[in-house]
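Worksheet: the structure to be examined is printed underneath.
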There are 2 protein chains.
Amino acid sequence: MTLGAVSVTIPPRRALVDDVYDALLSLLMDQEIAPGARLSIDGVARQLDVSPTPVREALTRLEAEGLVLREARKGYTAAELLDAEGLDQLYELRILLEPRAARLATARLDAAARGELAAQLRGMRQAAASDGAEAGFRNYRDFAERDAAFHHTIARASGNPLLADAITRLRSHVHLYRLYFQHGIADDTADEHAAILTALEAGDADAAELAMRTHLETSRARLVPRADEAAE
Amino acid sequence: MTLGAVSVTIPPRRALVDDVYDALLSLLMDQEIAPGARLSIDGVARQLDVSPTPVREALTRLEAEGLVLREARKGYTAAELLDAEGLDQLYELRILLEPRAARLATARLDAAARGELAAQLRGMRQAAASDGAEAGFRNYRDFAERDAAFHHTIARASGNPLLADAITRLRSHVHLYRLYFQHGIADDTADEHAAILTALEAGDADAAELAMRTHLETSRARLVPRADEAAE
DNA sequence: TCTAGCTATTTCCTATAGGATCTACGAACA
DNA sequence: TGTTCGTAGATCCTATAGGAAATAGCTAGA
């Protein structure tokens, strides 16, 4: 039996280290592990009921993304929250990378990616709308995850995997969500995302690049001062 | 006893995983581990005479840098050489990031960094000069390492650690050195680096940014076509 | 000749255990 | 009172072992 090109793909096999990674990431985002907190390998292993070996690997991966810090023979600590300066630097980098990704993606956007983007945008609107009362955290986390997915879809569509990786590895939404969690600093940007999608669908590279840049610069201008206040 | 600010710093503690990482990196650069080759965890452990645990961690770190690929429950493989397209994409990203780093570094360059840059430049000239016969590989590796150090010093001097990390993590010199090793594709760029340093020392941000961009664009124009030929 | 299924081997993955290192605490001394 | 030293505890680090999964090779049957 031979198959032609098929569209279904088998999801990659997972090992325990992948689950530990996800669990730690979630704990970090919701600050059940506080910024700056110590992360003992054995402690995490006991808490998650696994052995230290996969925990070490998950922490190694998190360290490569800057979400935890390692000091050899000392241990790991959760990364501190971004201060105003750090947030500003994060945006500086995003503004360097993501408008270019949007430009490149314009010519290469296929139907599948277009569909993803539209769905992610709908998801953002939903999360923002159902913003009733104390469900806020949960909803904003949903929103942040859709937001991240939207940006990552564009990054991948750029066709430059190194560029996509650089963008993804910044873990922007983790940092932004942690700030929201701590200080209530948030940002509803569904409309700005819609503008990006419109430009992409129109196949207008200049407009797509500009829309992305505008979106990020607006966010920066909105968020950085608030992070500054929060520090007081 | 209290000390004021001291300039000496204790080197960070090292664990076995750090040595394994260095060893693997070296083996990858010199293609003692060939591009695309399988990397069995137990095999590496036996070869380096350590246990599999630190090997796993070192491989996790290498994977985060894109130098090896992991497939869960299958194993690791060494990353393939960059083809012409990949090389082009690497330069695209560098041209996005590094000119900005040079611009930012202009205002913040201190005496220590200036000294480092000058030393690295001298090192490059030395390695290029002692280019006698079959010592070529070794010399070019020295050259590539000085080249990398030069760029990383500027990246750090930018004052934006995220930007510095993004530049460093590309591991440009590893990819370039592997290409040289395989195809003899090399590049003597000491003079272009001198131009960057001159602009930095003059405190001219525009010139520094431009010199860095020119350097990278020249390299791209020189190297990408050759990678294309090598593939034939 | 080709396919299906079984077996054996290799390799990854996870858990466990012990040695090495670091931190914290408290006693002894100046 | 303040400093030094030594001990105890916790934690990291490395090695080892066994279970689980994947690959390769072989046999049997169509």
Side-chain angles (χ1 to χ4, degrees), chain A residues 1-4 6 8-25 27-28 32-34 36-64 67-79, chain B residues 1-4 6 8-25 27-28 32-34 36-64 67-79:
Chain A
M1 181 188 82
T2 57
L3 273 66
V6 287
V8 293
T9 54
I10 294 174
R13 297 265 162 284
R14 285 174 67 85
L16 197 48
V17 53
D18 300 302
D19 293 330
V20 172
Y21 173 86
D22 289 346
L24 282 174
L25 188 58
L27 290 170
L28 284 168
E32 295 177 46
I33 298 171
R38 198 133 186 309
L39 271 164
S40 116
I41 294 170
D42 295 316
V44 171
R46 274 192 300 273
Q47 202 173 326
L48 299 180
D49 196 33
V50 298
S51 78
T53 315
V55 173
R56 300 186 68 86
E57 265 177 79
L59 285 171
T60 302
R61 209 183 291 178
L62 286 167
E63 200 217 350
L67 297 179
V68 304
L69 271 65
R70 166 183 182 260
E71 255 189 307
R73 300 188 189 283
K74 294 278 188 65
Y76 289 89
T77 52
Chain B
M1 181 188 82
T2 57
L3 274 66
V6 287
V8 293
T9 56
I10 293 174
R13 297 262 163 287
R14 283 175 69 86
L16 196 49
V17 53
D18 299 304
D19 293 331
V20 173
Y21 172 86
D22 289 346
L24 282 174
L25 188 58
L27 290 170
L28 284 167
E32 294 176 46
I33 299 172
R38 197 130 187 310
L39 272 163
S40 115
I41 294 170
D42 296 316
V44 171
R46 275 192 300 273
Q47 202 173 325
L48 299 181
D49 195 34
V50 298
S51 79
T53 315
V55 173
R56 299 186 69 85
E57 266 177 78
L59 286 170
T60 302
R61 209 183 290 178
L62 286 166
E63 200 217 351
L67 297 178
V68 305
L69 272 65
R70 167 183 181 260
E71 254 189 307
R73 300 189 189 281
K74 294 277 189 66
Y76 289 89
T77 53

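Values in this document were obtained by computation on a predicted structure and should not be read as measured data. Each chain gets a letter, A, B and so on, in the order the sequences are listed, and its residues count up from 1.
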query: Given dC13(C), dC12(D), dA15(D), which nucleotide is nearest the side-chain atoms of R56(B)?
result: dC13(C)

message: Please list all pairs meeting salt bridge (Lys or Arg N to Asp or Glu O under 4.0 Å) that have one or both residues in residues 12-24 of chain A, counting only residues at least two apart or in different chains.
response: R14(A)-D19(A), R14(A)-D22(A), D18(A)-R61(A), D18(A)-R70(B)

- request: Would you please confirm or rule out a distance under 4.0 Å between OP1 or OP2 of dA15(C) and any side-chain N or O of S51(A)?
  value: yes

Partners of [X] by salt bridge (charged side-chain N to carboxylate O under 4.0 Å, His left out), sequence neighbours excluded?
X: E71(A); result: K74(A)
X: R73(B); result: none
X: E63(B); result: none

message: Applying side chain to side chain contact (heavy atoms under 4.5 Å, CB included) to T60(A) and Y76(A), what does each step give before you reach the verdict?
response: CA-CA 9 Å; T60(A) 302; Y76(A) 289 89; 3.8 Å; yes

message: Output the rounded distance in Å from CG (D49(B)) to C1' (dA15(D)).
response: 11 Å

statement: Rounded to whole Å, the CD-C1' distance (E57(B) to dA15(D)) equals 13 Å

Minimal non-hydrogen separation, [X] against [Y], with atom names:
X: P54(B); Y: L16(B); value: CG-CD2, 4.2 Å
X: L24(A); Y: A58(A); value: CD1-CB, 4.3 Å
X: A78(A); Y: L39(A); value: N-CD1, 4.1 Å

query: Which of residues 10-22 of chain B have a heavy atom under 4.0 Å from DNA chain D?
result: A15(B), L16(B), V17(B)

Of residues 67-77 of chain B, the positions that come close to DNA chain D - non-hydrogen atoms, cut-off under 4.0 Å: R73(B), K74(B)

- prompt: Do any pairs count as a side chain to side chain donor-acceptor pair (under 3.5 Å) and have a residue in residues 37-51 of chain B, sequence neighbours left out, and if so which ones?
  reply: none

query: Tell me, which of residues 36-48 of chain B have any heavy atom that sits under 4.0 Å from an atom in DNA chain C?
result: R38(B), L39(B), S40(B), I41(B), D42(B)

query: Considering the options I41(A), V20(A), V17(A), V44(A), which one meets the side chain to side chain contact (heavy atoms under 4.5 Å, CB included) requirement together with R56(A)?
result: I41(A)

- prompt: Passes side chain to side chain contact (heavy atoms under 4.5 Å, CB included), L62(B) versus Y21(B)? Steps please.
  reply: CA-CA 7 Å; L62(B) 286 166; Y21(B) 172 86; 3.5 Å; yes

Would you tabulate the nitrogen or oxygen pairs shorter than 3.5 Å linking the protein to nucleotides 6-8 of chain C?
none

task: Output all residues satisfying side-chain contact (heavy atoms from CB on, under 4.5 Å) with A37(A), sequence neighbours left out; order by chain, then residue number.
output: I33(A), A34(A)

query: Passes side chain to side chain contact (heavy atoms under 4.5 Å, CB included), T77(A) versus V68(A)? Steps please.
result: CA-CA 6 Å; T77(A) 52; V68(A) 304; over 6 Å; no

